[in-house]
Amino acid sequence: MTTHVSRPRASARRVATLATTVALALTGAGAAAATTSGDHHGGGHSSRPPTSTTSAGKPVDLGALFIGAHPDDEAGSLSAYGQWGHDNHLRTGVVTVTRGEGGGNAVGPEEGPPLGLLREKEERSAVGRAGITDIFNLDEVDFYYTVSDPLTQEVWDHDEVLGKVVRVIRETRPEILFTMDPAPSPGNHGNHQEAARLATEAFAAAGDPTRYPEQIRTEGLRPFSPDKLMMRGSATAPTGEQCMAQLAPKDPTQTVYGVWAGATSPDGRTWAAVERDAQRQYASQGWAGFPDVPTDPTKIGCDVFRQVDSRVPFAEPGTAAAQRSWSALAGSTVHAPGTVPLGTGLRVDTDRFGVLPGRSFKATVSVTAPGRALPGASVALDVPDGWTVTGNRWVGTVTPGRTVTRTFTVTPAGDADAGQRARVAARLSTKVGSGYSDRVVEVVPTVSARQQLLPQVADFERWAPGKADEPQLSGTVTPVLPIASGRSREVRVDLHNNGTRPDAGTVALELPDGFSAEPASADYGPLAAGADGSVTFTVTNTDASLPTANQGGTPGAAAGDYAYRIVTTTRAGTSTAAGALEIVPTTTIEEASAAPVVDGKESPGEYPGEAIDISRLWEGTACSSAADCSATAKVAWHEDTLNVLVHVTDDVLGTRLDTADCKRHWRTDSVEIAIDPRGDSENTSTTFKAAVLPATAEGPACGLRDADNHQGPAAETAPGIKVASTMDEPYDGYTVEVSIPMSELPGAVDPEHLGLDLFVYDSDTQDKTGQTRIGWSTWGGVQGDPYRWGVATLPGYTPPADRPTEAPEPVIPRTALSSLDSPPSLEQAVRNDVPLAGGPASAPQRAGWVERVTTSKDTAWVRLHANAAGTAHIYVVDGRGTIGSRTVSIGGAGHRSVTVDLDRRGGSNTRVYVGWLDRAGGTLASVARPR
């Protein structure tokens, strides 16, 4: 038997805020900003807004909250959320930081805020299939695909958005937080990383009264600490129901739980089929054509969740209790037989994450009683064989609400392997049930060595043990460094003395065949206890015939990685650490004797260099043959201009987009040229990325810039660019030619190290979706990874002396849909009493709301009540959509009558929603039906 228990609610009024206000002219809505000049002004007095028709009531109490970056981020786990909602009465909400305005649109011309409104409606339809009705949009801008969390933090303002997430948690009080992967794994969207970081930090911050104290002091919220933090996990497992019992994570110290998606839903389908139906609602993202899932449930696997942290007992990994569909919820919202009552707290903390062989550390176990006593309590620690534990395990009776701690001394085995991770597990025994919890530690050598990290990875490795206080998240990204084919680079090895006295020794690199290091071994030290140091090697790719990009690599390593070992000697012995090199291709860009004619054709002498094969698969479905999709490119320079010629072999031309729709080039056949002027960019905001559609509905090719220093139509963002194309007759491909004045690049070119990549997007459909991506230097997500682009040299070229080497400030889209201008968001706020966009609600003395409405064929008369000055965003809607809107500035307290022109007569379900924004930034949503 399982039981869902809700947490106590705060009686104080809870409120929310809005970061950005954008008045929109929605398609067919007739929205217009106005004042009340000419409208009837009635008398009025300050009063409290009614709770039944506004968002001023008691906020919804959630059991779980998923925190993602875009609509559709939750879509891969909806079978689990739906199953938990039906079987375990778990009410789940979704925080979506953006509305996905930066994504593509396969169903219409909308972009920017109108696309955000479309994607919000898709998301509400999708999650509704899983029984989810609460989506909290935070109104941040979705700017473009990036793999950089630092850039995302800069655009979103990390601390401000964290405050919004904390506010939603304090409002809705979910027991469990779910989120995405915060690590900069190859291809992981920087927005996804940031959403996960926000969730992880909010797990600690929401319960801390010193964090965002104004929410407590002036808004009436209470601190609230969720029980658990979970994120998407990965593990190998068979299909069928046994997947829950046979999960095998790569790191066995990770706590993972599976939820079999083949279970039967209330409508008789599998939950996997329900999830697939939900995913198809994202038609704008090309998901409407997703194939059916297997009809045989034994062919369906598990949704996997990794537990990052827990304040309550949880199902012990490897036991039967961890192999149920509800195991991830156990100890928080589900009471498993024989366990302590829900509300019991159990937590293990250690005084360090990295522990030395034979050196003791402290482990503290905290036990908190719920609303009833825990009699006869004792705790014991389980540690690996050969480790020892000392300490008093007896606790006694823990009275209701009290926390008791016990501290133990743990000593790892003297021969414990460095790099090993181990669980320090607490077992709670009481007369009313038992409980389990653990904390992971890592055995470290006396002196640890690590290949220098890429900037994004270094940032993550500082964040995980620092701001997140979750050091076990670190070390999940393999350290890699790019090396140009046939060339040399410096590789720094960073050292840290984990011991208690100075140490010295040597570091050597055991490289795979085809690489050499100079020197062969490097001395270090003496290195003081707790100090950092480094040694540097010059590494050379001595065999230029080794495969580059994701086609290279050594057996057992990730695709494209040439793995090697770092061997470090200390006074205590020898330890090893893993490193990896990724070979990127190289080319020489020759000087053309004359400027090539940009006509989509190659004439003799225009491109003196060798052709570059850009047919490597990097994402999507593999080409069925060279005739299906393959390509070559030639690049030349003349005076201060780069010229690129790409010939694509292709059997089906994708959708011919309108010239006015020359954007989001991944929706159809296109060519992308990526240039990093100095080959040292951390993210694409300091690069130049141009794309060309070889054909449009009107005929000629069109050019654009995307996800770089300045995005938009080429004529506006880089007016010196010229593009042309020719189509093979009969059609079996096309040729694109582009000239790029180097003055258009964001900074002067380094002729010895120009970052360059060339991509081809292949679509064989007419539904504005692509199927295959090929290119030159290829890895998943490489379009956002300048460090993985190829390297080009330009012999004889010298940039103008006055050209700056630093890129200008990037132009980033900043316009996002405001929840004030989203009727679905307004409707939800009235329904669940959580105000808009994660910010403060309008205090009663500053509130404004709709009192009554009357309508005719083409007009709505809306009577507003205002307790103070503010802005009213008025939307008249019926079952078919918005039929009229108006944004009105209110100068002060009183009643105001406002007319709204209607596009058509409303249906029987006509309603008027008003989003109110007061001058302090607080919001209130309200609704009225015509009389």
Side-chain angles (χ1 to χ4, degrees), residues 1-9 59-68 73-96 123-124 126-136 168-169 171-179 199 203 206 224-233 244 255-261 263-267 270-272 274-275 278 302-315 321-337 339 341-344 370 828 831-832 834:
M1 178 178 179
T2 59
T3 306
H4 177 269
V5 174
S6 297
R7 287 295 180 87
R9 300 297 310 180
V60 64
D61 185 346
L62 297 177
L65 188 67
F66 171 83
I67 299 170
D73 284 347
E74 76 296 313
S77 302
L78 287 175
S79 61
Y81 299 142
Q83 195 170 160
W84 288 332
H86 180 266
D87 296 346
N88 306 107
H89 311 293
L90 185 76
R91 182 166 180 171
T92 300
V94 174
V95 168
T96 305
E123 183 176 30
R124 292 186 181 278
V127 302
R129 264 65 174 175
I132 295 173
T133 59
D134 303 293
I135 297 176
F136 307 98
V168 173
I169 292 171
E171 288 270 353
T172 62
R173 307 175 78 78
E175 281 78 16
I176 307 175
L177 299 184
F178 292 91
T179 191
F203 179 73
F224 180 81
S225 296
D227 293 336
K228 297 186 179 189
L229 173 65
M230 314 283 290
M231 62 182 55
R232 290 178 186 165
M244 295 188 290
T255 296
V256 296
Y257 301 107
V259 183
W260 183 43
T264 304
S265 72
D267 67 6
T270 63
W271 279 107
V274 173
E275 178 179 278
C302 274
D303 288 349
V304 180
F305 299 91
R306 175 187 175 187
Q307 181 172 283
V308 177
D309 206 343
S310 179
R311 298 183 171 99
V312 298
F314 51 88
Q323 299 168 10
R324 305 286 186 263
S325 62
W326 44 262
S327 294
L329 315 180
S332 178
T333 64
V334 168
H335 181 251
T339 62
L342 290 182
T344 299
Q828 175 182 290
R831 171 172 47 80
N832 68 13
V834 180

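Since the structure is predicted, the reported quantities are computational estimates derived from the model, not experimental observations.
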Margin query: What's the separation between atom CE in Met244 and atom OG in Ser327, rounded to the nearest 0.5 Å?
Written below: 7.5 Å
Check: When you measure from the side chain of Lys228 to the backbone N and O of Ala328, does any donor-acceptor pair fall under 3.5 Å?
Finding: yes
Next item on the list: Decide yes or no for Ile132 and Phe66: does some side-chain heavy atom of the first lie under 4.5 Å from some side-chain heavy atom of the second?
Entry: no
Next item on the list: With the side chain counted from C-beta on, respond yes when Trp271 and Pro266 share a heavy-atom pair under 4.5 Å apart, and no when they do not.
Entry: yes
Checklist line | Min side-chain heavy-atom separation Glu171-Phe224 under 4.5 Å | finding: no
Check: Closest approach of Gln828 and Thr133, non-hydrogen atoms and distance?
Finding: OE1-O, 3.3 Å
Notebook entry, point to check: Under 3.5 Å, is there a donor-acceptor pair between the side chain of Arg129 and the main chain of Glu275?
Noted result: no
Margin query: Using side-chain heavy atoms (C-beta onward) and a distance below 4.5 Å, is Arg324 in contact with Val334?
Written below: no
Next item on the list: Would you check, one step at a time, whether the test side-chain contact (heavy atoms from CB on, under 4.5 Å) holds for Val94 with Tyr81?
Entry: CA-CA 11 Å; Val94 174; Tyr81 299 142; over 6 Å; no
Margin query: Would you compute the distance between atom CG of Asp309 and atom CE of Met230 and round it to the nearest 0.5 angstrom?
Written below: 11.0 Å
Next item on the list: Run the numbers on Phe203 and Thr179 for side-chain contact (heavy atoms from CB on, under 4.5 Å), then give the verdict.
Entry: CA-CA 11 Å; Phe203 179 73; Thr179 191; over 6 Å; no
Checklist line | Spacing of NE2 belonging to His335 relative to CG belonging to Leu342, to within rounding of 0.5 Å | finding: 6.0 Å
Notebook entry, point to check: Stepwise, does the salt bridge (Lys or Arg N to Asp or Glu O under 4.0 Å) test hold for Arg831 with Asp134?
Noted result: CA-CA 9 Å; Arg831 171 172 47 80; Asp134 303 293; 3.5 Å; yes
Check: Taking only residues two or more places apart in sequence or in another chain, which ones pass side-chain hydrogen bond (donor to acceptor under 3.5 Å, both in side chains) with Thr96?
Finding: Glu123
Check: Would you call Glu74 and Thr92 a side-chain contact if the rule is heavy atoms closer than 4.5 Å?
Finding: no
Notebook entry, point to check: Sequence neighbours excluded, which residues qualify as side-chain hydrogen bond (donor to acceptor under 3.5 Å, both in side chains) partners of Ser265?
Noted result: Asp267
Checklist line | Contacts of type side chain to side chain contact (heavy atoms under 4.5 Å, CB included), residue Ala272, not counting sequence neighbours | finding: Ala261, Thr270, Val293, Ile300
Check: Shortest non-hydrogen contact from Asp227 to Ser332?
Finding: OD2-OG, 2.7 Å
Check: CD1 of Ile176 to CG of Leu65: how many Å apart, nearest 0.5 Å?
Finding: 11.0 Å
Next item on the list: Anything under 30° is parallel, anything over 60° is perpendicular, the rest tilted; go ahead and classify Phe178 against Phe305.
Entry: perpendicular
Checklist line | Modelled atom types, side-chain donor and acceptor of Thr255 and Gln307, under 3.5 Å | finding: no
Notebook entry, point to check: Quick one: OG1 on Thr333 to CG on Asn88, what's the gap to the nearest 0.5 Å?
Noted result: 6.5 Å
Margin query: Using modelled atom types and a 3.5 Å cut-off, is there a donor and acceptor pairing between side-chain atoms of Thr344 and backbone atoms of Pro341?
Written below: yes
Check: Is there a donor-acceptor contact under 3.5 Å linking the side chains of Ser77 and Asp303?
Finding: no
Notebook entry, point to check: Nearest heavy-atom pair of Trp84 and Ser325: which atoms, and what distance?
Noted result: NE1-O, 2.7 Å
Checklist line | Pro226 vs Ile169 side-chain heavy atoms within contact, under 4.5 Å | finding: yes
Next item on the list: Measure the shortest side-chain to side-chain distance between Leu78 and Val127 over non-hydrogen atoms and say whether it is less than 4.5 angstrom.
Entry: yes
Notebook entry, point to check: About how many Å separate CG of Leu229 and CZ of Arg306, when rounded to the nearest 0.5 Å?
Noted result: 10.0 Å
